[in-house]
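Working notes for the structure below.
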Amino acid sequence: MREITYLEAVREAMSIEMRKNDDVFLMGEDIGVYGGAFGVSRGMIEEFGPERIRNTPISEAGIAGAAVGSALTGMRPIMELQFSDFITIALDQIVNQAAKLRYMYGGKGKVPMVVRTPSGSGTGAAAQHSQSLEAWVTHIPGLKVVQPSTAYDAKGLLKAALDDDNPVIFYEHKLLYKTSSEVPEEEYSIPLGKAEVKREGTDITIVATAIMVHKALEAAAELEKEGISVEVVDPRTLVPLDTETIIKSVAKTGHLVVVHEAVKRGGFGGEIASMIAESEAFDYLDAPIKRLGGVETPIPYNPELEKAAIPQVPDIVNAVKETLTKKAVAK
């Protein structure tokens, strides 16, 4: 099987769907000849032309409104936001229109649109271009939220998102664009709402998202040298969430660390922790659940401070060791 980058996998998934279905088109800022802020759509305008690779004005609200309107009339738009931070400008259309209309029309209307957007820090883009805001949109009924961590997952999940008749927010971490993995050339799809155990283990479960999946795997490799067996679970899709796979893992290991790049307070890790606390897996916990997230500060521009603002491999290693040394309150 050939290896391609995460970026190439996203481009390939879009191209496959656009070749199959003339109703699929891409719209966003500088996505044409320039190829988008991170080059994801580079070369696509030559194949599909400016009618289907549509450059837009710098107006995220306008892009989102056009996506909602075209989806309602039978098209299947992919809208690209240059940075996930800019979803703030488009939230009225996404939250109050895209997420609500199928419900408000009694199921007679569909809004099959995908919002693709690069998220996260690590590129020196500073406070207004480096946030992880995925927890915001997970709170909105009617939206599906996807966060792939590998090229293989990116292609398969984007294919599923583009086939879905509901609005999907598709987060692509900037630092993952250049990472590679084995990806089939043929078409395949990964169902939304299906987690993956990225590494089997017996002593403790780490549930991690996006770039933190890779950091968790690094931490697990280090901890293995000390005789600690770590299971790493990647939800892949936050909404719908595969609770069964997470519960099964925690029931097996008896310990849980949840790690994401987003600020810890109000982050999606709290949802995972509370889900476990309300499930049968709670009885299997041998220690309190540990959450790791970004510190409560805007992402700094300085590279060293930027690293310090989010969890790193040593932080995950320490969190695992701390969790394994604690004991649950006796019943």
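These numbers were taken from a predicted model, which means no experiment stands behind them.
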(request) Is it possible for you to say whether Val95 and Tyr105 belong to one hydrophobic cluster, with membership spreading through side-chain heavy-atom contacts below 4.5 Å? (result) yes
Just grab all the side chain to side chain donor-acceptor pair (under 3.5 Å) pairs involving [range], residues at least two apart or on different chains.
range            : result
residues 198-209 : Asp153-Lys198, Glu196-Lys198, Arg199-Glu224, Glu200-Lys252, Thr202-Ser229, Thr205-Ser249, Thr205-Thr253
residues 271-282 : none
residues 25-47   : Arg19-Glu47

Would you please say whether a donor-acceptor pair under 3.5 Å links the side chains of [X] and [Y]?
X      : Y      : result
Gln312 : Lys215 : yes
Asp85  : Gln131 : yes
Glu12  : Ser15  : no

(request) Would you mind checking if Glu222 and Lys225 are paired as a salt bridge, meaning a charged N to carboxylate O distance below 4.0 Å? (result) no
(request) Look at Lys321 together with Glu226 and state whether they make a salt bridge at an N to O cut-off of under 4.0 Å. (result) yes
(request) May I ask you to check whether Tyr6 and His173 place their ring centers less than 6.0 Å from one another? (result) no
(request) Mind checking side-chain hydrogen bond (donor to acceptor under 3.5 Å, both in side chains) for Glu182 and listing every partner two or more places apart, or none if nothing turns up? (result) none
(message) Restricting to side-chain hydrogen bond (donor to acceptor under 3.5 Å, both in side chains), what partner residues turn up for Asp165, sequence neighbours left out?
(response) Arg76
Please table the atom pairs, donor to acceptor, closer than 3.5 Å between any side-chain atom in residues 292-305 and protein atoms at least two apart or in another chain.
from, atom 1, to, atom 2, distance (Å)
Glu296, OE1, Arg265, NH1, 3.1
Asn302, OD1, Glu304, N, 2.9
Asn302, OD1, Leu305, N, 3.0

(message) According to ring pair (Phe, Tyr, Trp, His ring centres under 6.0 Å), who are the partners of Phe48, at least two apart in sequence or on a separate chain?
(response) none
(message) Restricting to ring pair (Phe, Tyr, Trp, His ring centres under 6.0 Å), what partner residues turn up for His214, sequence neighbours left out?
(response) none
Of all heavy-atom pairs between [X] and [Y], which one has the smallest distance, and what is that distance?
X      : Y      : value
Arg54  : Ile31  : O-CD1, 3.6 Å
His260 : Phe268 : NE2-N, 3.7 Å
Tyr188 : Gly156 : CE1-CA, 3.5 Å
Ala220 : Val230 : CB-CB, 3.7 Å

Which donor-acceptor pairs under 3.5 Å do the side chains of residues 115-126 make with protein atoms, sequence neighbours left out?
from, atom 1, to, atom 2, distance (Å)
Arg116, NE, Glu172, OE2, 2.6
Arg116, NH1, Glu80, OE1, 3.0
Arg116, NH2, Glu80, OE1, 3.3
Arg116, NH2, Glu172, OE1, 3.2
Thr117, OG1, Leu81, O, 3.3
Thr117, OG1, Ser84, N, 3.0
Ser121, OG, Glu261, OE2, 2.6

(request) Taking the side chain as every heavy atom from C-beta outward, state whether Leu241 and Val239 have any atom pair closer than 4.5 Å. (result) no
(request) Could I get the full list of side-chain contact (heavy atoms from CB on, under 4.5 Å) partners for Asp163, not counting sequence neighbours? (result) Glu17, Lys159
(request) With sequence neighbours excluded, tell me which residues meet salt bridge (charged side-chain N to carboxylate O under 4.0 Å, His left out) with Glu322. (result) Lys290, Lys326
(request) Please work out whether the ring planes of Tyr177 and Phe38 are parallel, tilted or perpendicular, with thresholds of 30° and 60°. (result) tilted
(message) Would the distance check show the side chain of Asp23 and the main-chain N or O of Met75 forming a donor-acceptor pair, the cut-off being under 3.5 Å?
(response) no
N/O donor-acceptor pairs under 3.5 Å from side chains in residues 135-148, not counting sequence neighbours:
from, atom 1, to, atom 2, distance (Å)
Thr138, OG1, Ala135, O, 2.7
Lys144, NZ, Asp164, OD2, 2.8

